[in-house]
2 protein chains.
Amino acid sequence: MQSKIIQAIKKGKTFLIVSHYHPDGDALGSTLALGLALKKLKKNVVMYNRDAVPFNLQFLPQVQQLTTELPKQKFDYAIMVDCAQPKRISTEFATAVAAGQFEKILCIDHHLLDQKAGDIDWIDPKAASTGCVIWNLLKKLKLHNSKEIANLIYCTLTVDTGSFRYSNTTPGVFKLAAELLERGADPWFVAMNLEETNPVQRYQLLALSLKSLQLLCDGQYASMDVSQVMLKAVGAHDGLSDDFANYPRSIAGVEVSALFREMDDGKIKVSLRSKLKVDVSRLAKQFGGGGHKHAAGCVMPMALEEAKRRIKNALATVL
Amino acid sequence: MQSKIIQAIKKGKTFLIVSHYHPDGDALGSTLALGLALKKLKKNVVMYNRDAVPFNLQFLPQVQQLTTELPKQKFDYAIMVDCAQPKRISTEFATAVAAGQFEKILCIDHHLLDQKAGDIDWIDPKAASTGCVIWNLLKKLKLHNSKEIANLIYCTLTVDTGSFRYSNTTPGVFKLAAELLERGADPWFVAMNLEETNPVQRYQLLALSLKSLQLLCDGQYASMDVSQVMLKAVGAHDGLSDDFANYPRSIAGVEVSALFREMDDGKIKVSLRSKLKVDVSRLAKQFGGGGHKHAAGCVMPMALEEAKRRIKNALATVL
């Protein structure tokens, strides 16, 4: 369906580019890279995301062009990137789709789909990030010769491979990274902004959260909490603990880790991680959640201690 | 001098391979990669390092072949890797060099030297790690077709580029990474072992150390401490705080960070880091230390608070 997407891009005049809420570096990097490229073709482009840009993505080139307000006008095409479900973009967007605000829906993604997402889909489950798929598209359109776009695509690549650590880091990923650097991408610029722009409250919260670190199941399972009391003590919001789940997992001998975050509605958001063998998406499913083998999550409507007890008991049968 | 090193390797029968004390991934990865390759040529090889293997490098292929005891016998060649000064290998090694225990000394390194190090040197300051220089050597000797060696060299590369973040991450680095993966290197195996095998005491220590985090000089300077009291409270040794200096630097707006570690002799070991403009090696030199622009250090024989005061005052004139 690559050629159909290319045809559509050449033919269309007005484009809305969208991605999932709670956006990450792949969602926003892909949105911006595609949007900037289409603007070079003199297309009328709006880039939309329901949520504000997270603090560590505010460095992205041309990030100020993103809007959190869904426009009311009609568009030739809405392009969903890194997301295949209108309701995961926003309720407003799903309503606009149903109301026929877009002539056609395109979808560009690297997540495996079990059904069609848009009128035309370009899905490449072998790509390490949606940004890689966008890069291939832009090369076909000869729109890839830009330092800004190279940095945006590089950001999607480093975020989705865990800075070239995860098992999706293939020789092809490294060859693409070399190509992006030759086009002007700057690894230190991207890494410094992604990882070295933490609010000081993040570490104040980490200091409190680390005190709750527990090794269980003979040291194969480690858990850590972020409670409302901790958040209030340092004046932090929940988003600052987004990757704390990596700390308990990174202990020697630990196979599975869980981060329990008490949300302001009292429910517990659980982030599960595994190192090698355990499929934590199965565990998450038992509690109404989902995810991947090594990273999954669920929301548990109960007290913190009760949520911890249930996850530990469920894990004890697996480890 | 590449051809002379190759000649020497072909001619010699007995080799001692050594690197600097307090070894890192480049020192041990380079030692092992070269040692394993020479053993394939049926050479008599001893791989020596003064210090025990750090916890996060114990996964290195064939790491058990390293010895901390300097052999007494004569060798045709001693090969210093990632180090150009016998005294930085060990007092025993420097004494053995002076006593003529080695027919000739070779040196393979990627640090710029201001004078000759061995009888024959192969120095490539453009290489991201000493392992990259070793890899080029092994390719010339056709000894690079081994998964173990690919993982060892990959480890040197990821350690010395900060997992492909630092400014030494060039297109050539990514092309080499692709080549190593094609030879069997496994990014998740290396990353998981390097970064996800922390003793739990490391995070208990981090929780205490983070409480000392201070933002100074209008938020451009952040400092953090590791005191003997903290070490005793969690039963940890000083080595567990080796990369804590990265935490204060990674705060938004911080240009320079310092980690102050109280050693068991009462002296203060200072690790300095900078993000962009400031050359912390100059600062370190003022206090008898040294290093690179973005990472340097010194040892200050005084009380913790006094060391902190002096560094802050010296910095106030720079920021």
Side-chain angles (χ1 to χ4, degrees), chain A residues 55-56 158 161-182 185-200 202-215 219 222 224 246-254 275-276 294, chain B residues 55-56 158 161-182 185-200 202-215 219 222 224 246-254 275-276 294:
Chain A
F55 69 88
N56 66 334
T158 172
T161 61
S163 199
F164 308 101
R165 286 187 183 89
Y166 302 156
S167 51
N168 60 353
T169 306
T170 58
V173 161
F174 281 127
K175 286 173 190 168
L176 172 56
E179 198 181 325
L180 293 169
L181 259 59
E182 281 161 352
D186 180 340
W188 179 236
F189 167 76
V190 172
M192 186 188 63
N193 280 289
L194 276 176
E195 301 171 27
E196 307 234 336
T197 51
N198 293 289
V200 67
R202 180 164 183 271
Y203 289 132
Q204 292 164 341
L205 185 62
L206 180 61
L208 295 178
S209 181
L210 281 171
K211 282 211 257 177
S212 70
L213 185 61
Q214 275 188 300
L215 280 180
M224 212 164 97
N246 295 328
Y247 288 96
R249 187 184 62 184
S250 73
I251 294 169
V254 168
K275 220 176 247 174
L276 291 171
H294 296 300
Chain B
F55 68 88
N56 67 335
T158 172
T161 60
S163 198
F164 308 100
R165 286 186 184 89
Y166 302 155
S167 52
N168 61 354
T169 306
T170 58
V173 161
F174 281 128
K175 285 173 191 170
L176 173 56
E179 198 180 324
L180 293 169
L181 260 58
E182 281 161 352
D186 181 338
W188 179 237
F189 167 75
V190 172
M192 185 188 62
N193 280 290
L194 277 177
E195 301 172 25
E196 307 233 337
T197 51
N198 293 289
V200 67
R202 180 163 184 271
Y203 290 132
Q204 292 165 340
L205 186 62
L206 180 61
L208 295 178
S209 181
L210 281 170
K211 282 212 257 177
S212 70
L213 184 61
Q214 275 186 300
L215 280 179
M224 213 165 98
N246 294 328
Y247 288 95
R249 187 183 64 182
S250 73
I251 294 168
V254 167
K275 220 175 248 175
L276 292 171
H294 295 300

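We name chains A, B, ... by the order of the sequence lines, and we start the count at 1 in each one.
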Report yes if the side chains of B/Tyr203 and A/Leu206 come closer than 4.5 Å at any heavy-atom pair, otherwise no.
->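 A side-chain contact under 4.5 Å is absent here.
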On the 0 to 90° scale, with breaks at 30° and 60°, tag the B/His294-A/Trp188 ring pair as parallel, tilted or perpendicular.
->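 Correct class here is tilted.
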With a 4.5 angstrom heavy-atom cut-off, which part of B/Leu213 approaches chain A: side chain, backbone, both or neither?
->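 The side chain, not the backbone.
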What heavy-atom pair brings [X] and [Y] nearest, and what distance separates the two atoms?
| X | Y | answer |
| --- | --- | --- |
| A/Leu181 | B/Thr169 | CD2-O, 3.2 Å |
| A/Pro187 | B/Phe164 | CB-O, 3.9 Å |
| B/Pro171 | A/Ala178 | O-CB, 3.6 Å |

Pick one of side chain, backbone, both or neither for A/Leu276, based on which atoms fall under 4.5 Å of a heavy atom in chain B.
->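 Contact with chain B involves the side chain of A/Leu276 alone.
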Region of A/Ser209 that comes under 4.5 Å of a non-hydrogen atom in chain B |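 The answer is neither part of A/Ser209.
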Output all residues satisfying salt bridge (charged side-chain N to carboxylate O under 4.0 Å, His left out) with B/Lys175, sequence neighbours left out; order by chain, then residue number.
->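 A/Glu182.
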Atom pair CG/CD of A/Asn246 and B/Glu196 - distance to nearest 0.5 Å |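 Result: 6.5 Å between the selected atoms.
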About how many Å separate NZ of A/Lys211 and CG of B/Leu208, when rounded to the nearest 0.5 Å?
->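 Spacing of CG (B/Leu208) from NZ (A/Lys211) equals 8.0 Å.
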For residues 161-171 of chain A, pull every pair meeting salt bridge (Lys or Arg N to Asp or Glu O under 4.0 Å), keeping only residues two or more places apart or in separate chains.
->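 Only A/Arg165-B/Glu195 qualify under salt bridge (Lys or Arg N to Asp or Glu O under 4.0 Å).
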Based on non-hydrogen pairs under 4.5 Å, which of A/Ser167, A/Ser163, A/Ser250, A/Ala252 is most in contact with chain B?
->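 When all of A/Ser167, A/Ser163, A/Ser250, A/Ala252 are compared, A/Ser250 has the most.
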